[in-house]
Trainee: 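Handing you this structure, nothing more for now.
Each residue takes its place number in the sequence, starting with 1.
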Amino acid sequence: MTPSPEHTATTPIPPGGPEAHGIGASLTATDLVAKTEGTFPYAADLWAEGLLWAALHRSPHAHARIVSVDTSAAEAMPGVRVVVTHRDLPDAAGHGRGVRDRPVFAHDVVRHHGEPVAAVAADHPDTARLAAAAIAVEYELLDPVTDPQAAFEAEPLHPDGNLIRHIPLRYGDPQAAGEVVVEGMYRIGRQDPAPIGAEAGLAVPRPDGGVEIYAAATDPHSVRDQVSACLGLAADRVKVVVTGVPGATGDREDGSMQLPLGLLALRTGSPVKLLATREESFLGHAHRHPTLLRYRHHADARGKLVKVEAQILMDGGAYADTSADALAAAVSFSCGPYVVPHAFVDGWVVRTNNPPSGHVRGEGAMQVCAAYEGQMDKLAAALGMDPAELRARNVMATGDLLPTGQTVTCPAPVAELLTAVREAPLPPAEESLLPGGPEGAGEPGVVRRGVGYGLGMVHMLGAEGADEVATATVRVSGGVATVICAAVETGQGFATLARQIVQEVLGVDEVHTAPVDTDQPAAGPACHGRHTWVSGGAVERAAKMVRTQLLQPLAQKFGMSAELLTIADGKITSYDGVLSTTVAEALEGKELWATAQCRPHPTEPLDANGQGDAFVGMAFCAVRAVVDVDVELGAVRVVEMAVAQDVGKVLNPRQLAARIEAGVTQGVGAALMENLRTNKGIVRHPDLTGYPLPTALDAPDVRIVKLIEERDVVAPFGAKAASAAPVVTSPAAIAAAVRAATGRPVSRLPIRPQSAAVQQPGPPGARQ
């Protein structure tokens, strides 16, 4: 039994003739037409014969002991097929990305608001929701631990304790000191990934006792492994089929929704579908780590950095998830893209009873960027120096060392990036667009303009010894190429890039990407630019192997090496012009295929002093923010974001620009409005009314002033990750611009109105 409609990730060449193709061309995205017309099949659209509907009973408390669970009322309701709890699972069934410390259903204790306790399958979605609400759970309330600083002394919230990881970084001379010292404390809020489209899934039982799961999973093999382990099934009896992903930035990597679905399908023997509400999305998936950062920067009288001291405390929420990885990035990049001779940093991530934290684009790096850039502004003020000039005197370059002791071997054109945004013309003032919007409350007389700079860096691929590998198959038959790779298209453009790679290497116009499922070899999660590098590298290698199969017979026929033949504009020609034929003619009657892997060079874990070559590569970004601030109301309007980015090589100009613009906009949200608020661990207003997101009216003009194409020699095509760097850097630049406009310290993100307002004396009746 298979659900319908069947998803395919391919789109034919648009009418009106073939596009320019290959690396460097702005190919139209493969799913553009379907998504624009509303025909793209998302997981929420799936259907199957005999379909049942699922609903979850979630804890209304952040911390409580479960005394009893009574499912009798729910089971007695007409239309209810089954109710399941932890008793229906193997003992010690746990899941999670990174660390599998999270139960499918809470049993002895609930550790965060919204944690699943039971699940229902019924013949109608309303019946399922009513039955879930009818489950009677008796709770003994416990005091929630919501302050991560209190977690160190609190009773253990989890059998593994409250401390998830501690990283002490020791680099240089602890006695080193500068002539000028500045200190600061910074707080970063909890940002939700706010996924486009409903989170949904469908589980279908198999005749062999296994289960097939259809979901918008961005790491299907990880979901398969978690489902098989938690349900007590062999991995080959669980298949995950990736349905249309509307877009993802880390929110669709875990299996917390697929696990109850799989269990319900097995218990009922019927297909079961779960369609999460927006509230459930806010309560269930991982968020950006709220972080408290304390910094002390030392510099000499000329502004050269001498030493950085820092303490970084991240709130991991109830379970570990990918918190250890986020902390590693935060500690490793705690000094930013600057040369720092001495660094002493302690980083901790702890469990609390707050909502779960995990992978969100730029995790770890974004939080420390806001803090170290705030310190650079403080240092510039203490030295009486231009903030951009101070940065220019300290930027790192290729060959410099990170505080982890790792040499930056990739291109690091940080000085050139900063120069590009410094020299870009400033936008004109527009009184018609004041903070608060057209016809808003802003008044020209109290609006001040500020200009601020941010320099940021991110790592690419996994870190600390992660085995990064992807496998791809390229098959050519009838003049049409098909790419088979389990790299999920999440909006980052991999499906389009795969087409471009094959077109470039083989000269074939029509290229399709096959639907993704776990019958294919794993390609890993869609984060940190992995699919551009690792999966794209596997596609390139497989295509080159097919190219050799295609060219070798021709070369032998003419008594030459295949390396002397070139493919361009759909033609195969020899260096001397003796051989000239079309690719279509050479492929006629042939079926060629090859499978290849790409595995970047290995990394190593950070040691007891935070030292080690933990990262495969890095990408850098510079942003200049221009803001207008109503200094009475504290309202902020981002006028323009000028971006210069280190991209290695531009693979698809249109897609690259879109990724940078989207990253900047996500950064605007983190800087000014996005903060999932809680009260004693209870999420307040878990909806898009209580959690505002940037709209088209909030998005600033994004001006890409420079893209530096300095190839990273160890990366396929020399390309670098594009979308995370502007997310990391933009909030810091906006905060710097607000500081410049108001003179206020601005040490908290998102920036609240009271942080941007400047109290001014005025006549009686004037606004204060």
Side-chain angles (χ1 to χ4, degrees), residues 56-66 85-86 89 92-118 137 139-166 189-193 226 230 250-251 253-257 259-260 276 279-292 313-327 348-360 363 676-684 686:
L56 297 177
H57 178 95
R58 296 179 179 271
S59 168
H61 308 294
H63 195 203
R65 184 169 289 110
I66 297 177
T85 66
H86 76 279
L89 292 161
H95 69 100
R97 297 173 292 178
V99 179
R100 296 185 179 180
D101 63 344
R102 187 173 184 171
V104 180
F105 298 115
H107 40 95
D108 298 329
V109 64
V110 294
R111 298 185 175 91
H112 71 88
H113 178 210
E115 184 166 13
V117 178
V137 182
Y139 294 100
E140 177 189 334
L141 297 185
L142 302 172
D143 290 333
V145 177
T146 58
D147 181 354
Q149 297 180 92
F152 291 99
E153 303 297 332
E155 290 295 317
L157 302 175
H158 190 278
D160 294 341
N162 294 347
L163 179 63
I164 297 173
R165 188 178 189 184
H166 171 222
R190 180 180 292 106
Q191 187 179 24
D192 188 271
Q226 293 180 61
C230 290
D251 44 283
E253 290 181 7
D254 68 73
S256 57
M257 183 176 67
L259 287 159
E279 178 178 351
E280 288 182 301
S281 290
F282 274 110
L283 299 181
H285 60 221
H287 312 84
R288 189 181 299 282
H289 291 79
T291 307
L292 174 66
L313 177 58
M314 306 183 81
D315 182 352
Y319 298 104
D321 203 83
T322 58
S323 290
D325 298 335
L327 183 68
W348 301 269
V349 60
V350 296
R351 291 182 175 89
T352 65
N353 293 121
N354 288 321
S357 300
H359 171 64
V360 178
E363 72 274 14
L676 191 66
R677 296 172 296 166
T678 60
N679 180 20
K680 296 183 179 180
I682 304 299
V683 177
R684 298 173 58 190

Trainee: Go through the steps to decide whether Thr85 and His107 satisfy the test side chain to side chain contact (heavy atoms under 4.5 Å, CB included), and finish with yes or no.
Mentor: CA-CA 8 Å; Thr85 66; His107 40 95; over 6 Å; no

Trainee: Would you give the length of the straight line joining atom CG of Leu283 to atom CG of Leu56, rounded to the nearest 0.5 angstrom?
Mentor: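 It is 11.0 Å, given to the nearest 0.5 Å.
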
Trainee: Test your reading of the model: is there a side-chain donor-acceptor pair from Glu363 to the backbone of Arg288, 3.5 Å cut-off?
Mentor: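 Here the side-chain-to-backbone pair does not exist.
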
Trainee: For the side chain of Arg351 and the backbone of Gly161, is there at least one donor-acceptor N/O pair under 3.5 Å apart?
Mentor: yes

Trainee: Would you call His289 and Ser323 a side-chain contact if the rule is heavy atoms closer than 4.5 Å?
Mentor: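 Side-chain contact under 4.5 Å: yes.
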
Trainee: Using side-chain heavy atoms (C-beta onward) and a distance below 4.5 Å, is Asn354 in contact with Thr146?
Mentor: yes

Trainee: Work out which heavy atom in Gly284 is nearest to a heavy atom in Arg58; give both atom names and the distance.
Mentor: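 Heavy atoms of Gly284 and Arg58 come nearest at CA-NH1, 4.1 Å.
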
Trainee: Which heavy atom of Ala286 sits nearest a heavy atom of Pro193, and at what distance?
Mentor: O-CD, 3.4 Å

Trainee: Is the distance from the ring center of His63 to that of His61 below 6.0 Å?
Mentor: no

Trainee: Can a donor-acceptor pair be found, under 3.5 Å and without considering hydrogens, that links the side chain of Asn353 to the backbone of Gly681?
Mentor: no

Trainee: Say whether, by atom type as modelled, one donor and one acceptor occur between the side chain of Arg65 and the main chain of Glu140 under 3.5 angstrom.
Mentor: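 Such a contact is absent between Arg65 side chain and Glu140 backbone.
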
Trainee: Does atom CD of Glu153 have more than 12 heavy-atom neighbours, drawn from other residues, nucleotides or ligands, at distances under 6.0 Å?
Mentor: no

Trainee: Taking the side chain as every heavy atom from C-beta outward, state whether His285 and His287 have any atom pair closer than 4.5 Å.
Mentor: yes

Trainee: Below 4.5 Å, heavy atoms only, C-beta onward: do His86 and Pro103 meet side chain to side chain?
Mentor: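 No. Closest side-chain heavy atoms not under 4.5 Å.
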
Trainee: Minimum heavy-atom separation for Leu163 to Val350, with atom names?
Mentor: CD1-CG1, 4.1 Å

Trainee: What I'd like to find out is whether the side chain of Leu292 reaches to under 4.5 Å of the side chain of Pro148, using heavy atoms alone.
Mentor: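 Side-chain contact under 4.5 Å: no.
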
Trainee: Which heavy atom in Thr352 sits nearest to a heavy atom in Ala151, and how many Å separate them?
Mentor: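 So the two residues come closest at CG2-CB, 4.5 Å.
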
Trainee: For Asp160, look at atom CG and say whether over 12 heavy atoms of other residues, nucleotides or ligands are found less than 6.0 Å away.
Mentor: yes

Trainee: Using 0.5 Å steps for rounding, measure from the CZ atom of Arg102 to the CZ atom of Arg111.
Mentor: 11.0 Å

Trainee: Indicate yes or no: at least one non-hydrogen side-chain atom of His113 is less than 4.5 angstrom from one of Pro686.
Mentor: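 His113 does not reach Pro686 side chain to side chain.
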
Trainee: Which label fits His112 and Tyr319: parallel for a plane angle under 30°, tilted from 30 to 60°, or perpendicular past 60°?
Mentor: perpendicular

Trainee: For the side chain of Arg684 and the backbone of Asn679, is there at least one donor-acceptor N/O pair under 3.5 Å apart?
Mentor: no

Trainee: Answer yes or no: is there an ion pair linking Asp325 with Arg97, defined by an N-O contact shorter than 4.0 Å?
Mentor: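 A salt bridge is absent here (no side-chain N lies under 4.0 Å from a carboxylate O).
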
Trainee: So Asp321 and Pro356, do their side chains get closer than 4.5 Å, heavy atoms only?
Mentor: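 Pro356 vs Asp321: side chains apart.
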
Trainee: Looking only at non-hydrogen atoms, find the nearest pair between Lys680 and Ala62 and report the distance.
Mentor: O-CB, 3.7 Å

Trainee: What residues form a ring pair (Phe, Tyr, Trp, His ring centres under 6.0 Å) with Phe105, not counting sequence neighbours?
Mentor: none

Trainee: Could you pull out the closest heavy-atom pair between Ala154 and Val145, with the gap in Å?
Mentor: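 Taking every non-hydrogen atom into account, CB-CG2, 3.7 Å.
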
Trainee: How many angstroms lie between atom CZ of Phe152 and atom CG of Asp147, to the nearest 0.5 angstrom?
Mentor: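 Going from CZ on Phe152 over to CG on Asp147, the span is 10.0 Å.
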
Trainee: Do Pro355 and Arg190 make a side-chain contact, defined as non-hydrogen atoms from C-beta onward lying under 4.5 Å apart?
Mentor: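 Yes; the side chains approach each other to less than 4.5 Å.
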
